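Report on the following structure.
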There are 4 protein chains.
Amino acid sequence: MSKLSVSIAGGSGYAGGEALRLLLSHPEVTVKQVSSERNATTRVTRLHPNLRGSTDLSFCKLDELESCDVLLACLPHGEGIARIDAFTKLADRIIDLSADFRLNDPAAYNKWYGKEHSRPDLLREFVYGIPELHREQMREAKWVSSAGCNATASILAMFPVARAGIIESDRTVIEVKVGSSEGGQSVSPASHHPERAGCVRSFMPVGHRHTGEIEQELAFNGSVQVGMSATSIEMVRGVLATCHVALKDDLAEKDIWKVFREAYANEPFLRIVKDRDGLYRLPEPKLVAGTNYCDVGFVRDPHSRRLVIISAIDNLMKGAAGQAVQALNIMCGFDERTGLEFPGLHP
Amino acid sequence: MSKLSVSIAGGSGYAGGEALRLLLSHPEVTVKQVSSERNATTRVTRLHPNLRGSTDLSFCKLDELESCDVLLACLPHGEGIARIDAFTKLADRIIDLSADFRLNDPAAYNKWYGKEHSRPDLLREFVYGIPELHREQMREAKWVSSAGCNATASILAMFPVARAGIIESDRTVIEVKVGSSEGGQSVSPASHHPERAGCVRSFMPVGHRHTGEIEQELAFNGSVQVGMSATSIEMVRGVLATCHVALKDDLAEKDIWKVFREAYANEPFLRIVKDRDGLYRLPEPKLVAGTNYCDVGFVRDPHSRRLVIISAIDNLMKGAAGQAVQALNIMCGFDERTGLEFPGLHP
Amino acid sequence: MSKLSVSIAGGSGYAGGEALRLLLSHPEVTVKQVSSERNATTRVTRLHPNLRGSTDLSFCKLDELESCDVLLACLPHGEGIARIDAFTKLADRIIDLSADFRLNDPAAYNKWYGKEHSRPDLLREFVYGIPELHREQMREAKWVSSAGCNATASILAMFPVARAGIIESDRTVIEVKVGSSEGGQSVSPASHHPERAGCVRSFMPVGHRHTGEIEQELAFNGSVQVGMSATSIEMVRGVLATCHVALKDDLAEKDIWKVFREAYANEPFLRIVKDRDGLYRLPEPKLVAGTNYCDVGFVRDPHSRRLVIISAIDNLMKGAAGQAVQALNIMCGFDERTGLEFPGLHP
Amino acid sequence: MSKLSVSIAGGSGYAGGEALRLLLSHPEVTVKQVSSERNATTRVTRLHPNLRGSTDLSFCKLDELESCDVLLACLPHGEGIARIDAFTKLADRIIDLSADFRLNDPAAYNKWYGKEHSRPDLLREFVYGIPELHREQMREAKWVSSAGCNATASILAMFPVARAGIIESDRTVIEVKVGSSEGGQSVSPASHHPERAGCVRSFMPVGHRHTGEIEQELAFNGSVQVGMSATSIEMVRGVLATCHVALKDDLAEKDIWKVFREAYANEPFLRIVKDRDGLYRLPEPKLVAGTNYCDVGFVRDPHSRRLVIISAIDNLMKGAAGQAVQALNIMCGFDERTGLEFPGLHP
C-alpha cells in the first residue's frame with residue numbers, strides 16, 4: 001500500500017517541529033512538504049536541529065503547498081481562518097492545531113477571544129480534537145481542531161467526574177503549571193532567559209482562553225463554571241493541571257477509582273497514576289516529556305468534600321502534535337498508537 | 001551599650017544557617033554559640049560555606065550552650081519540646097522555629113500532627129510568630145513560635161480579606177509551589193538531584209499540616225475551612241502561594257485595593273505588587289530570595305466571584321530565619337528592619 | 001525467527017533502566033529477566049516509572065537469573081568481577097557496563113583504580129565497547145566491556161585527530177561538563193537537590209579514572225598524555241566534552257574537515273555538527289538526550305595552534321545503555337540502528 | 001560630612017541595576033540620577049523590581065545628567081567613547097563599565113574588537129579596574145575602566161602564578177562557564193528560554209575578546225598566550241573559570257599554597273577555597289552570587305605538570321558593578337568593603 005502523504009503548513013514552530021519529528025518516523029506516512037514563510041528554502045534542520053540526520057527537507061512557502069492526503073495546519077491563531085478555503089482544496093483531511101475552530105459557539109469565541117469569529121459557519125464542521133471524548137466522530141471526520149494544551153490536561157483530568165455527575169458544577173478551581181515552550185518560538189522580554197529562568201510567574205491568574213474549551217467539553221450535565229489560573233514555572237515542556245473539585249456526596253476512594261477506571265481502562269494513552277509509595281506517586285510532566293501520554297491521578301481530601309485531580313502531559317505532544325497524530329491515526333484507520341510509541345525517559 | 005548575646009540551638013540546618021548569617025551582620029547582636037550534635041567542634045563554615053570569611057565559630061553540643069539573652073531554637077520538630085525546660089533556664093527570651101508550639105489548641109495539634117502534644121500547658125504561652133498579626137503581643141513576649149513557611153505565605157495573602165470578612169468561609173483553595181530547601185538538609189531519594197530536578201511533584205495534595213495554622217490565624221469571623229495543596233517545583237528557595245477565594249459580594253477592584261492597603265500600607269516587609277505592565281506584575285519568589293519581604297498581589301476574576309490572591313516569600317527568610325529576626329527585633333526594641341535590609345537580586 | 005532472549009543483571013539503576021527501555025521496544029529482542037537484589041519482587045515500573053504501561057516485569061534476584069542469549073551486566077564497579085564466572089555460564093554473550101574490564105593493562109587498572117585487578121587474565125578477553133573504533137572485533141566478540149561515559153565523549157571527539165597523527169601527544173586538555181545522572185541512583189549529600197541544583201562543581205579537576213581509557217584508546221601513534229577535568233553542572237543527562245589540542249602543523253580548516261569526514265562520514269550515530277549560523281552551531285547535550293548520537297564539532301583558534309573539539313552525548317545512552325545495545329546489534333548481526341531510532345527532542 | 005553624589009549613565013541594564021542596588025544602600029553615597037534613553041520618566045523599579053520599596057527614582061535622559069562627584073557609565077560597548085568628553089565635564093571621577101578603555105594598546109584593541117579605537121589618546125589615562133592588581137594607581141585615579149567579567153575571573157585565578165613566574169607562558173587553557181546574564185538585557189533567539197534553558201553552548205570556543213585583557217594583565221614576565229573558551233550553561237549569574245596551566249618545575253602543593261597566600265592573604269574579597277572535604281571544596285559561583293567575592297582554589301595534577309586553578313565570581317558583582325563600587329571606595333578613600341558586605345546565600 002502506498003503511504004499517506006502529509007504536509008505541514010507552518011512547520012517552523014515548536015508544534016510544527018514536533019509534528020514533523022513524529023511523521024518522519026511514522027511507518028504509514030510520507031512527509032511531503034513543510035511550509036514556513038520566513039524560512040522558505042532553509043533546511044528544516046536549521047530550526048529543528050534534533051532532526052539532523054533524519055531528513056533533508058527544506059521549508060517551502062505556503063503558496064507552494066501541493067495537494068496531499070492530510071494537511072496539518074500549525075499556523076498562529078487567526079492565520080488559519082484566512083487560509084481555510086485554500087486548505088480544503090489541497091487536502092481532504094485537515095487537522096488544525098490553532099485555536100481557531102475549537103469552540104462550537106460563536107458567542108463563546110467572542111467572549112474568550114475578544115472578537116467576532118470571521119467564519120462562524122465552519123465552527124460546527126470541526127470535531128474537537130480529544131480522541132478520548134470524540135473518537136467515534138473522528139473516525140468519520142474530515143476536519144479536526146486540535147485541543148489547547150492546557151485544555152487537554154484539564155479536560156482529561158475532569159472528564160470522568162464531570163461525565164459521572166458527581167461534582168458541583170460551579171466550584172471547580174484549576175491551576176495549571178506550564179513550561180516555556182507553551183509561549184512558542186517568538187522571542188519576547190518575558191521569555192528572555194535571565195528573566196524567565198527560575199520564575200514562578202502568575203501569567204494568567206484569570207481570563208485564560210482555554211477556560212472556554214474546558215467549559216464546553218465538560219458540560220455533560222448542564223453548564224459548568226471553572227475558575228482557571230496558569231503559572232509559568234522553570235520547565236520547557238510540560239503541563240501539570242491540579243484540579244480542585246467539590247464532590248456532591250461524600251464518596252469513598254473506591255467509588256472514585258471506579259469512575260476513572262470506567263473512563264480510561266482501555267485508553268492507550270491514559271494512565272491512572274496513583275501509587276502508595278515510590279517517588280512518582282502522582283502524575284509528573286517530566287515522565288511524559290516526548291510522549292503522547294496523559295497521566296491522571298487523584299486524592300481525596302478527608303478534611304472537606306474536596307477531590308484533587310492531577311494530570312500531566314507534554315504540551316507539544318498530547319497537548320499538540322502528538323494528539324494531532326493520534327487523531328490522524330484514527331481518521332485514517334491506523335492503529336491509534338502508530339508513531340507514538342516513545343515511552344519517555346527517566347531520569 | 002553592650003550587644004545582645006544570641007545563641008542558636010540546632011544551627012547546622014538551612015534555617016539555622018540563615019539565622020546565623022543574619023545575626024552575624026546584625027549590628028546589635030553578638031552570636032555567642034551555635035550547636036549541632038553531629039557537627040560539634042566542626043567550623044560552621046563547613047556546613048554554611050557562604051559564611052567563609054565572616055566567622056570563625058565552631059559548632060558546640062547542645063549541652064554546652066551557656067546562658068544568653070535570646071535563644072533561637074532551630075531543632076527538628078519534636079526535639080524542642082523535650083528541651084524546652086532547659087532552654088528556659090538558658091535564656092529569658094526564646095524564639096522557636098519548629099512546629100511544636102504554633103497551634104494554640106491541643107486538639108488541632110492532634111489532628112494535624114497525628115499525636116498528643118506532650119506539653120499542652122505551654123501552647124498558649126507562645127505568641128504566634130507573624131508580626132503583621134501579632135506585633136503588639138510580641139513586644140511583651142518572652143516566647144515566640146515562628147510560623148511555618150507555607151503558612152506564612154498563605155496567612156499573609158489571606159489576612160486582609162479574612163479580617164475584612166469579605167470572603168466565603170469554606171470555599172478557599174490554596175496552592176503553594178515550593179522549593180527543595182523546604183525539605184531541609186536531610187538526604188532522601190526524594191531529594192536526589194536526578195529525581196528532584198525538573199519535577200512538578202504533588203507531594204502534599206491534601207493533608208498539609210500548615211492548614212491547621214492557617215485556619216487558626218484566619219478565624220477572625222468564625223471558623224474557616226481551607227483546602228490546601230502543595231507542589232514541589234524546580235526551585236531551591238521560595239514559596240508562591242496562590243489563593244483562590246470566593247467573594248461574598250461582587251466587589252470592585254478598588255474596594256479590594258482598600259482592604260489590602262489598610263492591612264499593609266505601613267508594614268516594612270509587605271509590598272503590594274500589582275502592576276499593569278512589566279515582567280513582574282505579580283509577586284515572584286525569585287525577587288524575594290534572601291530577603292524578608294512578603295510580596296502580595298491580587299486579581300479579580302470577572303468570570304465568577306473568584307478573587308485570586310498571590311504571595312511570594314523566601315521560605316528560609318520570611319518563612320523562617322528572617323521572620324525570627326524580625327520578631328527578635330520587636331521583642332528587644334530594635335528597629336524592626338535591623339539586619340534585614342538586603343533588597344534581593346535581579347536578575 | 002524466534003527473538004533473542006536478553007536479561008539484565010543489576011537493572012534497578014539508571015543505566016539498567018535505560019537498557020530495559022531500549023530492549024522492551026527492540027523488535028528482535030525479548031527481555032527475559034531483570035535482577036535487583038534490593039528490589040526483588042518489586043515491579044520494575046516502581047523504579048522506572050516511565051515504563052508504566054510498557055511492561056509487567058518484576059525484579060528477580062541475581063541468583064534467579066536463568067540462561068539467556070545475551071546478558072547485560074549493569075552492576076556497580078567491582079561487583080561484576082566476582083560474578084563473572086557465573087555469568088559466563090548463563091549466557092554466551094556478555095556486555096558488561098561496569099568499569100571492570102575496560103583497561104587492557106593490569107598496571108593501568110592499578111594506577112587509575114588504586115588496587116590490583118582480581119582477574120587480570122580476563123582483561124584482554126573483552127572488546128572495548130566503542131563500535132566506531134572496534135566494530136570488526138565486536139562482530140566476533142563474545143564479551144564486550146562498555147566504555148565509560150566521559151571516556152566515550154572524549155574518545156569520539158579525539159579519535160579522528162589522534163589516528164591521523166596531527167596533534168601533539170602531550171598537550172591535550174579535556175574538560176567534561178556532566179549531569180547528575182552520572183552519579184547514579186545512590187543518594188548522597190552531594191546529590192541533595194538544594195546543594196546540587198545550580199552547582200558548577202569541580203568534582204574531579206584531576207585524577208578522573210576515565211583518563212586511563214582515553215589514553216589507551218588514543219595511542220595510535222605512540223603513547224599520549226591527557227589532562228582531564230570534570231565539572232558537574234545543572235543538568236541531569238548529558239556530557240559535553242571540550243577538548244583542547246595542539247596541532248603539530250598550522251592546518252587549514254578544510255584539512256581538519258577531511259580528517260573528521262574520513263572518520264565519521266558513514267557512521268550511523270556520529271554527526272559532525274559545525275554550522276555557520278543558527279542557535280545550535282556546535283554539539284549540545286540536550287539535543288541528544290534520549291538518543292544514541294554522539295555529535296562532534298571543532299573550531300580552529302587563529303590565535304594559536306589550538307584546535308577545540310567539542311562532543312556531546314547522553315551519558316545513559318551513547319555513554320552506557322545505548323552504546324551497549326549498539327554493540328548487541330553488531331554482535332548479533334542486526335542492523336546497528338535497531339531500537340535506537342529515537343531522534344531526540346527540541347526544544 | 002555630606003555624602004558623595006553618584007549618578008549612573010545607562011542604568012537600565014543588569015550591571016546598571018546592580019550598581020544602583022549597591023549604591024542605594026551605600027552609607028557614604030547618595031544616588032543622584034540614573035539615565036536610560038528608552039525608559040526615561042519610567043520608575044527604575046519597573047526594570048529593577050527587586051528595588052521596590054528601596055527607591056522612588058525615575059530614569060532620566062543622558063542629556064539630563066547633571067554634575068556629580070562620581071559618574072558610573074554602564075553604557076553598551078562603544079557608546080561610552082562618543083560621550084566621554086561630555087562625561088568628563090559632569091564628574092571629576094568616572095568609572096566606565098564598558099569594554100572601551102580596558103586595553104592599553106590600540107593594536108590590541110584592533111585585534112580583539114576588529115576596528116580602530118576612536119580615542120586611542122585616552123587608553124593610557126584609564127586605570128584597569130581590578131583593585132588586587134592596581135590598588136595604588138586607583139587611589140590617585142580619576143578614571144577607571146572596569147574589567148570584563150570573564151577577564152576578572154581569569155586574571156584573579158592566574159595572577160599569583162603569572163606574577164611568580166612559575167608557569168609556561170604559552171600553554172595556558174582557560175575555560176569559563178557562564179550564566180545568561182552575561183548576555184545582558186537584550187532579547188535574542190539565543191536567549192529565548194526554551195532554547196537557552198538547559199543548554200551547554202560553546203558560544204565562544206575561540207576568539208573571546210577578554211583574551212586581550214587577560215594577556216595584557218598577566219604579562220609580568222614577558223608576553224603570555226592564552227587559549228580561552230567560553231561555554232554557556234544553565235545559570236543566570238556567575239562565572240566559573242577553570243585554568244589549566246603548565247608548571248615549569250615540579251612544585252609541591254605547599255609551594256603553590258605559598259604563591260597564592262602571598263597574593264591574597266590580605267585581600268578583603270579574595271578567598272582561597274581549597275578544602276579536603278565537604279560539598280564545597282573548590283570555588284562555586286552560586287556561593288558568591290550577589291557578593292563581591294572572588295573565590296580561588298587550585299589542584300595539582302600528579303599525572304603531569306598541569307596545575308588546575310579554579311575561580312568563581314558573580315559576573316554582575318565582582319565582574320561588574322561590585323568591582324566598580326570597590327574601585328569607587330578606593331578612589332574616594334572609603335573602607336574598601338563599604339556597601340559590599342553581603343555574604344551570599346546557601347543553599
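Computed over heavy atoms, backbone and side chain alike; hydrogens, waters and symmetry mates excluded. Remember, it's a predicted structure, so these values are computed and weren't measured experimentally. A, B, ... follow the sequence lines: proteins, then strands. Residue 1 opens every chain.
- Rounding to the nearest 0.5 Å places OG1 of Thr231(D) at 8.5 Å from CD1 of Ile233(C).
- Residues of residues 152-161 of chain C lying under 4.5 angstrom from chain D, judged on non-hydrogen atoms, do not exist here.
- By number of non-hydrogen pairs under 4.5 angstrom with chain D, the leading residue of Gly198(C), Pro302(C), Gly227(C), Ser304(C) is Gly227(C).
- Of all non-hydrogen atoms in Pro347(C) and Pro194(D), the two that sit nearest each other are CB-O, 3.6 Å.
- Qualifying salt bridge (Lys or Arg N to Asp or Glu O under 4.0 Å) partners for Arg300(C), counting only residues two or more places apart in sequence or in other chains: Asp250(C).
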*Take Ser229(C) and Arg306(D) through the side chain to side chain contact (heavy atoms under 4.5 Å, CB included) test and state the conclusion after the steps.*
CA-CA 11 Å; Ser229(C) 297; Arg306(D) 185 170 63 124; 2.8 Å; yes
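- Between chain C and the residues Glu195(D), Lys111(D), Glu234(D), Lys177(D), the largest count of heavy-atom pairs under 4.5 Å involves Glu195(D).
- Closest non-hydrogen pair, Asp170(C) versus Arg171(D), comes out as O-NH2, 3.3 Å.
- Looking only at distances, a side-chain donor or acceptor of Gln225(D) sits under 3.5 Å from a matching main-chain atom of His303(C).
- Heavy atoms closer than 4.5 Å to chain C are found nowhere in Glu168(D), neither backbone nor side chain.
- Identified by a heavy-atom distance below 4.5 Å to chain D, the contributing residues of residues 237-249 of chain C are Leu240(C), Thr242(C), His244(C), in residue-number order.
- Across Ile310(D), Val206(D), Val173(D), the residue that shares the most heavy-atom pairs under 4.5 angstrom with chain C is Val206(D).
- Using a 4.5 Å cut-off between heavy atoms, Val308(D) touches chain C through its side chain atoms alone.
- Contact residues of residues 279-292 of chain C toward chain D are Leu279(C), Tyr280(C), Leu282(C), Pro283(C), Glu284(C), Pro285(C), Lys286(C) (heavy-atom distance under 4.5 Å).
- Taking each heavy atom of Pro205(C) and Val299(D) in turn, the nearest pair found is CG-CG2, 3.6 Å.
- With respect to chain D, the highest number of heavy-atom pairs below 4.5 Å among Ala312(C), Ser202(C), Gly207(C) belongs to Ser202(C).
- Proximity to chain D (any heavy atom under 4.5 Å) is restricted, for Val226(C), to the backbone atoms N, CA, C and O.
- When each of His192(D), Arg201(D), Met235(D) is scored by its heavy-atom pairs under 4.5 Å with chain C, the top score falls to Arg201(D).
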